[in-house]
Amino acid sequence: MKNKINEFIDSLEGQSQIFFKNMIKICKIEEMLDKSTFEQYLFKIMAEEEIRHQTIEVTASIYMKMLQDFCDRKICHVDDIFYLLEDKGWQKYDTITKNEHYWYKFIDLCVGTAKIPLSKKTMILNLFIKMLQRSNYVHDVIQLNNQYIYNGVLYQGKYDEGFARVTIDRKYEEGNNDCSYAKDLLLHLSGGNENVRDWFLNQIASVLILNSEFKTANAQLVRLYGPTGENGKSTLTNFLKKVFGMKNVYSTKVDLLMSEFKYDLGNVVNSLIVVDEDASECYYKADVASLMKVLVTGETLSVREIYGKPVQRNPICNIFVSSNHPYKSDDKTDGANRRITEIKINGKLRRDKEWFNRLFSDNECQAFFNLCMEKAKELMINFRKGMRIELPEELKVRKTELAKDNNNVLIFIEEQGDFIENYSTAEVRKNYELWCIDNDFNPLGKTKFNETIETKLELVARSIKGSKLKGDAYDRSLVQPRFNVRAWVKP
């Protein structure tokens with residue numbers, strides 16, 4: 001039988017030869033073609049179905065059943081492309097087509113000397129190809145080398161129930177997590193604060209958890225802000241590429257995803273990590289800020305490639321932005337700000353050549369990956385207990401500052417909050433505009449201004465009259481008892 005298999009393989013060339021050689025090995029076709037295997041199937045089928053005679057139909061059914069048992073979940077056919085489940089996960093063979101002559105040769109190899117007419121062989125082939133066809137076959141799984149991660153849990157072997165959405169050319173090695181150089185880099189990027197460093201590490205480890213509920217609860221866009229160059233931001237990007245693989249770290253311009261870089265969105269949505277290595281100083285427009293929120297939280301959105309049809313996707317990406325400028329946006333709502341955490345970097349990354357060699361060594365990258373795996377496991381266990389990734393107090397303070405810098409109404413409320421409730425909306429707005437002039441701020445539009453007051457002070461604009469009013473409106477009500485005005489009041 002081995003000679004016949006070799007003759008079949010030698011009759012092929014190019015990728016078809018590689019495909020069938022790997023397929024015969026992976027599916028154990030040599031074992032399937034052993035005479036004793038056929039006899040076992042024949043005996044079982046005849047006993048179970050109470051068949052007395054071996055007809056052509058019975059023989060054809062046996063070969064079909066053998067092909068199904070030996071090949072199912074090891075070969076699949078998706079969108080006219082064949083895949084084999086090899087050691088590193090599903091591998092694509094895009095030049096293999098279902099109508100080529102080599103499939104008929106393969107069926108001839110399988111049935112051997114059995115007297116099966118061409119019509120039955122064609123039936124077996126058609127049913128076999130149909131059995132391999134799959135749809136919606138991409139699952140939120142990370143395939144490692146003979147291991148895979150599903151919902152933050154590590155399993156041994158290859159994921160065979162569908163295509164893993166991400167493949168990482170690494171294997172988790174338990175206990176090997178001594179990565180002092182990587183920790184030193186993160187500590188520098190965290191301003192020397194260990195609490196911030198630990199939170200930052202958890203955010204990086206979170207990339208290994210493809211779970212929509214976890215992402216909604218915990219994900220943050222991490223923005224590294226440092227006014228000086230050579231402060232380690234680019235070093236981090238290159239390190240992540242080395243740890244998780246170049247194909248899993250996608251570089252783009254986040255602020256241009258709704259314009260010049262709109263066709264990057266498909267790659268952004270499906271990448272494990274997205275980096276904007278040099279974010280510009282311009283404001284993020286409101287539509288970009290809204291898109292960032294969707295990407296960070298993993299909400300379903302429509303993406304399309306050039307000349308392609310729009311498709312619905314759930315983003316798995318974790319976004320890391322580096323910039324020499326603080327975050328600014330036209331979006332003054334809390335939605336985007338709640339999902340953006342900015343870490344300020346102090347000073348340049350001053351390390352010798354040996355330090356960089358150690359950081360990018362295979363041992364350091366593997367140890368850091370192992371540490372991320374252990375952190376991801378811990379995070380998922382805590383999440384199932386109802387715990388979230390806790391933001392350090394230092395970053396909470398920075399978040400508050402960021403919100404104020406991006407929405408000056410918050411500062412106005414902090415300073416003038418005692419002169420809003422029961423004051424007329426017109427007087428409050430006038431005072432705000434005068435306050436902006438005094439403090440050299442640009443006043444926000446009325447809609448954003450009103451939304452901020454409603455959200456932060458839990459007030460509504462409603463028409464009232466009489467003694468409840470304050471300020472200029474109260475003075476007018478003394479002169480005009482029936483004076484009625486729109487004011488900010490408790491609902």
Side-chain angles (χ1 to χ4, degrees), residues 221 223 225 227 254-259 279-294 296 321 323-342 344 395-465 468-477 480 483-491:
L221 184 153
R223 203 170 187 279
Y225 154 58
V254 172
D255 56 325
L256 299 178
L257 282 175
M258 296 297 287
S259 52
S280 63
E281 60 181 312
C282 67
Y283 277 58
Y284 287 121
K285 295 181 179 178
D287 58 348
V288 174
S290 179
L291 173 63
M292 287 195 296
K293 175 180 176 293
V294 171
V296 171
V321 175
S323 180
N324 294 333
H325 312 280
Y327 170 76
K328 297 288 183 182
S329 173
D330 285 340
D331 184 352
K332 308 305 178 183
T333 65
D334 277 348
N337 290 335
R338 281 199 307 267
R339 289 296 178 174
I340 296 174
T341 298
E342 191 168 81
K344 188 174 182 180
L395 294 183
K396 289 180 182 178
V397 171
R398 179 57 189 147
K399 255 187 184 297
T400 301
E401 293 172 352
L402 197 67
K404 290 178 181 177
D405 291 345
N406 201 44
N407 185 343
N408 57 44
V409 181
L410 296 173
I411 307 175
F412 172 74
I413 290 174
E414 192 174 87
E415 296 181 6
Q416 305 287 328
D418 293 338
F419 304 98
I420 296 176
E421 185 177 352
N422 293 327
Y423 285 77
S424 75
T425 57
E427 184 178 352
V428 173
R429 177 67 191 187
K430 180 181 177 182
N431 291 341
Y432 166 68
E433 291 175 351
L434 292 172
W435 176 85
C436 284
I437 293 173
D438 292 341
N439 291 278
D440 196 25
F441 286 132
N442 292 319
L444 299 187
K446 289 185 178 180
T447 301
K448 296 297 183 185
F449 174 79
N450 292 343
E451 285 176 355
T452 305
I453 289 180
E454 290 171 357
T455 302
K456 293 301 176 183
L457 296 180
E458 297 181 346
L459 299 176
V460 295
R462 183 180 296 163
S463 294
I464 61 172
K465 61 181 179 180
K468 291 183 178 180
L469 291 168
K470 293 182 178 179
D472 294 343
Y474 174 74
D475 295 339
R476 289 190 62 183
S477 70
Q480 301 173 265
F483 177 69
N484 196 313
V485 70
R486 193 171 179 80
W488 289 108
V489 297
K490 291 287 186 185

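Because the structure is a prediction, the values reported are computed rather than measured.
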Chemist: Do the rings of F449 and F412 sit parallel, tilted or perpendicular, given the 30° and 60° boundaries?
Modeler: tilted
Chemist: Go through the steps to decide whether W488 and V460 satisfy the test side chain to side chain contact (heavy atoms under 4.5 Å, CB included), and finish with yes or no.
Modeler: CA-CA 5 Å; W488 289 108; V460 295; 5.6 Å; no
Chemist: List the steps and the verdict of side chain to side chain contact (heavy atoms under 4.5 Å, CB included) for D472 and E427.
Modeler: CA-CA 7 Å; D472 294 343; E427 184 178 352; 3.5 Å; yes
Chemist: State, with a plain yes or no, whether a side-chain heavy atom of K456 is found less than 4.5 Å away from one of L410.
Modeler: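 In short, these two side chains touch, coming nearer than 4.5 Å.
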Chemist: Does either side chain, that of T452 or that of N407, offer a donor lying less than 3.5 Å from an acceptor on the other one?
Modeler: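 Side-chain D/A pair, T452 to N407: present.
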Chemist: Taking side chain as C-beta onward, heavy atoms only, is L291 less than 4.5 Å from V254?
Modeler: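 Of all side-chain heavy-atom pairs linking V254 with L291, none is under 4.5 Å.
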Chemist: For I340 versus K399, what's the shortest heavy-atom pair and its separation?
Modeler: O-NZ, 2.6 Å
Chemist: Would you indicate whether the side-chain heavy atoms of R339 and M292 approach each other to under 4.5 Å?
Modeler: no
Chemist: Pick from T425, N431, L457: which one makes a side chain to side chain contact (heavy atoms under 4.5 Å, CB included) with I420?
Modeler: L457
Chemist: Test V489 against K468 for side chain to side chain contact (heavy atoms under 4.5 Å, CB included), laying out the working first.
Modeler: CA-CA 9 Å; V489 297; K468 291 183 178 180; over 6 Å; no
Chemist: In residues 438-447, what donor-acceptor pairs under 3.5 Å come from side-chain atoms, sequence neighbours left out?
Modeler:
residue: N439; atom: ND2; partner: W435; partner atom: O; Å: 2.7

Chemist: Is the number of heavy atoms from other residues, nucleotides or ligands within 6.0 Å of CD (E458) greater than 12?
Modeler: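 No, because the 6.0 Å sphere around CD of E458 holds 12 heavy atoms or fewer from other groups.
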Chemist: Does the pair S323 and R223 meet the rule for a side chain to side chain contact (heavy atoms under 4.5 Å, CB included), with working shown?
Modeler: CA-CA 7 Å; S323 180; R223 203 170 187 279; 3.5 Å; yes
Chemist: Would you compute the distance between atom CD1 of I413 and atom CG of N408 and round it to the nearest 0.5 angstrom?
Modeler: 10.0 Å
Chemist: Taking atom CZ of F483 and atom CG of D475, what is their separation to the nearest 0.5 Å?
Modeler: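 It is 10.0 Å, given to the nearest 0.5 Å.
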Chemist: Minimum heavy-atom separation for E342 and L395, please, with both atom names.
Modeler: O-CD2, 3.9 Å
Chemist: Say you draw a straight line from SG of C436 to CD1 of I411; how long is it, rounded to the nearest 0.5 Å?
Modeler: 9.5 Å
Chemist: Could you give the distance from NZ (K448) to CD1 (I453), rounded to the nearest 0.5 Å?
Modeler: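 The distance works out to 14.5 Å.
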Chemist: Could you pull out all residues at least two apart from N422 that satisfy side-chain hydrogen bond (donor to acceptor under 3.5 Å, both in side chains)?
Modeler: none
Chemist: Compare every heavy atom of D418 with every heavy atom of Y423, then report the nearest pair and how far apart it is.
Modeler: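 Closest heavy-atom pair between Y423 and D418: CE1-O, 3.9 Å.
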